[in-house]
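Numbers restart at 1 for each chain; the letters A, B, ... are given by sequence-line order, proteins then strands.
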Amino acid sequence: MLRSDQIMATVEMVQKENLDVRTVTMGINLLDCRRGSAKATCDRVESKIAENADRFVATCEEIAQKYGIPVVNKRISVTPASFVGAGFKRKDFVSLAKSLDRAAEKAGVDILGGFSAQVEKGITKSDKEYIDSIPEALAETERICASINVGSSQKGINMDAVAMMGKTIKELAEQTADNGGFGAAKFVVFCNQPGDNPFMAGAIHGVEEADVVLNVGVSGPGVIARSLEKTIKRRGRENLRLDDIAEEIKQITFRVTRCGELIGRQVSRELGVEFGVVDLSLAPTPKIGDSVGEILQILGVDAVGAPGSTAIVALLNDAVKKGGVFASKAVGGLSGAFIPIMEDAILADAAGKGTLTLEKLEALTCVCSVGLDMVPIPGDVDADTISAIIADEMAVGMVNNKTTAARLIPVPGKTVGEVVSFGGLFGESPIMKVLNVNKSGRFVAWGGRIPAPIHSFKN
Amino acid sequence: MKKQLVISVMSKDRPGIVADITGVILDLDGDLADLNQSVLGGYFTMILIAEFDEQVTPEDLFAKLSHIKSENKIEATIQEMPLPLDMEKDKLPGETFIVTAQGENRKGMVKIMGDFFFDRNINILDLVTTRNQQMYTMIFQVDLSNIDSIGVLRQELETLAGRENLDLVLQHNDIFRATHEIGTPFGSSTE
């Protein structure tokens, strides 16, 4: 029987609150692409991606059309390049990146993730070659995103790798200086990186995954913001308490997750590909009305970053998970609220006004996903300071058994308050201030490992 | 030999209508099958199917229903149906969609939509409409099995929306199931 109130509520969610599926990401295992030479391996990588992804984008569009729910991004993730190219030299890894770039273009996807490595405990010779290749590989490709896992709750933090990251990010930004250091926006450093995250720049197809898998990222924060505004207007602010707000977020997330999974499973059925997970993350876009920062304002802080912001993000993140976990048959990936400065117009505005500082951002990452994301910093911040910021963020993830990441962009030639813009989904923001620059060199110089935290004696 | 009767009744709503009508069916030794009831604007309506012995006629049943003591008359229509009834037809087809249409209230709004669907050989499976002040809302559950291209239909709906000043939205029925039912419409993991 038709329930008109329920149907109209859903119609409103799709039409007026811009419900969509943020991303459908096809993960492809490339380990069997290994051949006798780097050239032959790269060729096989291109052909394997083409074989699996040729109908991917068209099928996503067909299903979106049929169900009346847009699929905003279609992406591909692959097995971390360091495994595929074990034994490669620096130039071979650059060739691999170019092959991946061509494969992505041919498949019609705007981004491919997985130019990656996992070095949380130790770095192999080819890992070093891979790391050396990152600046050139990302500067000379359009669609490739890179990520590296330098820490985990089980293995600790590889500080040798962290020390290399500061230099790598600086060089990457320098090589793409013409475009504001854009290369650094395509590179993210992780602690506890998941192998089934569909969101970029950190998507990889983990070695624990099946041959080809589809993972889905649900709709963004805009739907939740609009729904909260409507509830507050309808019921009156004075009649609501925070547990009511949490309940509302849970319910809307339930619906959003169900839509995402429905579309994802239809695409996977159509393509004959295994369905992986739904990632519950709220991923903002620079579009007005699609901001996590706006939810903070709606829930009661007049300036994003003001005291109370961390508590609100904690409530939001938890309610999103509770609603989504119940809705879905398989939840995975990052599954939390993202706070990427440049990709969220309200957060970027707060960064410009100085109400949201790097230190407060770090605090927020303790209670949400994923970390210091899309943070533009002055181009003259030294490599060791960047490494030390990353070390701090990795420590948050390692100790709290959660994923954390850092995507810092030292914008060449620009300083605090100046605006950097990458356009499109990468957005824009005033450059944030970094306190205590040039004061962490002695710490970063130690190298070695920060041991994993103790996993018993939890009292 | 048994016979099957389809009975439709309408009356001003009050407690006891179901008890009265099913009492009559039991008196005639009838076996009740499927039944649907609905109340709209204070009026009760019900359609039901029941199986009777060969000698029971629609007239017998009608006479008994007419004798129900009630302040408001119970109107009934009875038809004999061939056995067996095809209950499979009541299952929703795979291409079931929902079309919602909203606009400022005026005469002929449902007909506009009815004509649109008829012209395209689209069967309406269920329909609910409400008038809230000046806003008229129609919700059609439709079977699009005969439609070749959802994309073309969307364009045609868009044209209709512009011409008739209606807010028209077409969405798959599974979206509503997914967002409002506890059970998932995804099928089993091994599917």
Is a donor from one side chain sitting under 3.5 angstrom from an acceptor on the other, for A:Ser227 and A:Glu248?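 Yes, A:Glu248 and A:Ser227 have a side-chain donor paired with an acceptor closer than 3.5 Å.
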If we ignore angles and hydrogens, is there a donor and acceptor under 3.5 Å between the side chains of A:Asn215 and A:Thr25?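 Result is no, nothing qualifies.
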Measuring only between side-chain heavy atoms, which start at C-beta, is A:Val320 closer than 4.5 Å to A:Ile224?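 They are in contact (side-chain heavy atoms under 4.5 Å apart), so the answer is yes.
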At a 4.5 Å cut-off on heavy atoms, which part of B:Thr137 comes close to chain A: side chain, backbone, both, or neither?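 Just the side chain, heavy atoms under 4.5 Å.
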Under 4.5 Å from any heavy atom of chain A - which part of B:Ile182: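 For B:Ile182, the contact with chain A is made by backbone and side chain together.
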May I ask you to name which of A:Gln266, A:Arg255, A:Met13, A:Glu274 has the most heavy-atom pairs under 4.5 Å with chain B?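 Looking at each of A:Gln266, A:Arg255, A:Met13, A:Glu274 in turn, A:Arg255 comes out on top.
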Counting heavy-atom pairs under 4.5 Å to chain B, which of A:Val14, A:Thr257, A:Leu262 comes out on top?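 Greatest number of close heavy-atom pairs with chain B: A:Leu262.
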Are A:Glu62 and A:Arg55 ion-paired here, with the side-chain N under 4.0 Å from a carboxylate O?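 A:Arg55 and A:Glu62: not salt-bridged.
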What is the distance from atom OG1 of B:Thr179 to atom CG of B:Asp174, rounded to the nearest 0.5 Å?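 Nearest 0.5 Å value for the OG1-CG distance: 10.5 Å.
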Which pair of heavy atoms, one from A:Ile312 and one from A:Leu296, lies closest together, and at what distance?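 That closest heavy-atom pairing would be CD1-O, 3.8 Å.
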Can you tell me which portion of [X] sits under 4.5 Å from chain B's heavy atoms? Options are side chain, backbone, both or neither.
X        : result
A:Ala327 : backbone
A:Phe254 : side chain
A:Phe275 : neither

